[in-house]
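Here the structure is a predicted model, which is why all the values come from computation and not from measurement. We count ligands from 1, going down the list as the structure has it; atoms in each ligand are counted the same way.
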Amino acid sequence: MLSVSATAQRYSYGLKPTQLPQYELSVEKDASKELIDLERFIPGIVLDIRYATENNFTQERIYGLSKAYARKPVAEALKNAQAEFVKQGIGIKIFDAYRPYSATVKFYEVYKDTTYVASPYRGSRHNRGCAIDMTLIDLKTGKELEMPTEFDSFKKEAWPSTPVSNPLVKKNRDLIISVMSKYGFKVNSSEWWHFDFRGWEKFEVLDIDFEDLEK
Ligand SMILES: [Zn+2]
């Protein structure tokens with residue numbers, strides 16, 4: 001994770017994200033603002049936090065810890081979605097959830113196409129703790145269900161509007177989108193794995209490291 005001093009120099013896009021002390025005050029005033037540890041909160045959820053490894057499009061380790069956090073109502077909705085998937089022998093695997101603003105700046109500086117990476121002028125819904133990158137797994141085998149592309153593919157096949165000829169892949173994509181939609185999430189138009197929580201507007205862009213949230 002970027003150090004605080006390096007981070008401060010990075011606020012050059014006209015957006016001043018909320019940092020730890022203001023975040024703590026906001027949670028005192030409004031409990032829905034709390035970032036919840038999804039691994040602790042949702043039984044059986046699996047993490048594969050790619051930005052805590054070099055297995056991501058930047059080919060660098062961006063996060064110091066492999067953690068998934070989301071704001072409280074987002075975590076609750078995701079818990080309900082997981083319970084529905086589990087009835088079908090399926091579980092959720094998370095690739096990314098809350099993402100500190102500094103990471104969004106870094107992604108933009110690596111790959112300046114805002115179709116695929118968030119603009120640092122506005123921040124990402126991940127920065128607000130209101131977006132989840134995920135896929136589905138078979139609970140018996142632990143294997144991912146087949147989807148149109150890999151996570152973070154920049155191909156057109158990743159768009160939820162692109163037709164899929166394989167009926168099984170179509171079924172899997174339809175399932176993740178329909179169940180997530182039922183629990184208040186909207187799929188991104190160029191990424192089948194990215195889900196925004198409806199009502200994200202009330203949550204501020206944050207720049208707090210996982211290390212600080214763990215304390
Ligand atoms: Zn995403």
Please step through ring-ring contact (aromatic ring centres under 6.0 Å, His included) for the pair Phe203 and Phe197, ending with a clear verdict.
-> CA-CA 11 Å; Phe203 298 95; Phe197 186 68; 7.4 Å; no
Check all N, O or S atoms of His194 and name the one closest to the Zn ion (ligand 1).
-> ND1
Specify whether Phe107 and Tyr51 have parallel, tilted or perpendicular ring planes, treating 30° as the upper limit for parallel and 60° as the lower limit for perpendicular.
-> tilted
What about Ile137 and Ile42, same hydrophobic cluster or not, with Ile/Leu/Val/Met/Phe/Trp/Tyr joined at side-chain heavy-atom distances under 4.5 Å?
-> no
Under 4.0 Å between a Lys/Arg side-chain N and an Asp/Glu carboxylate O for Glu150 and Lys155?
-> no
Of all the atoms in Asp96, is at least one N, O or S atom closer to the Zn ion (ligand 1) than 2.8 Å?
-> no
Starting from the Zn ion (ligand 1), look over the N/O/S atoms of Asp133 and name the nearest one.
-> OD1
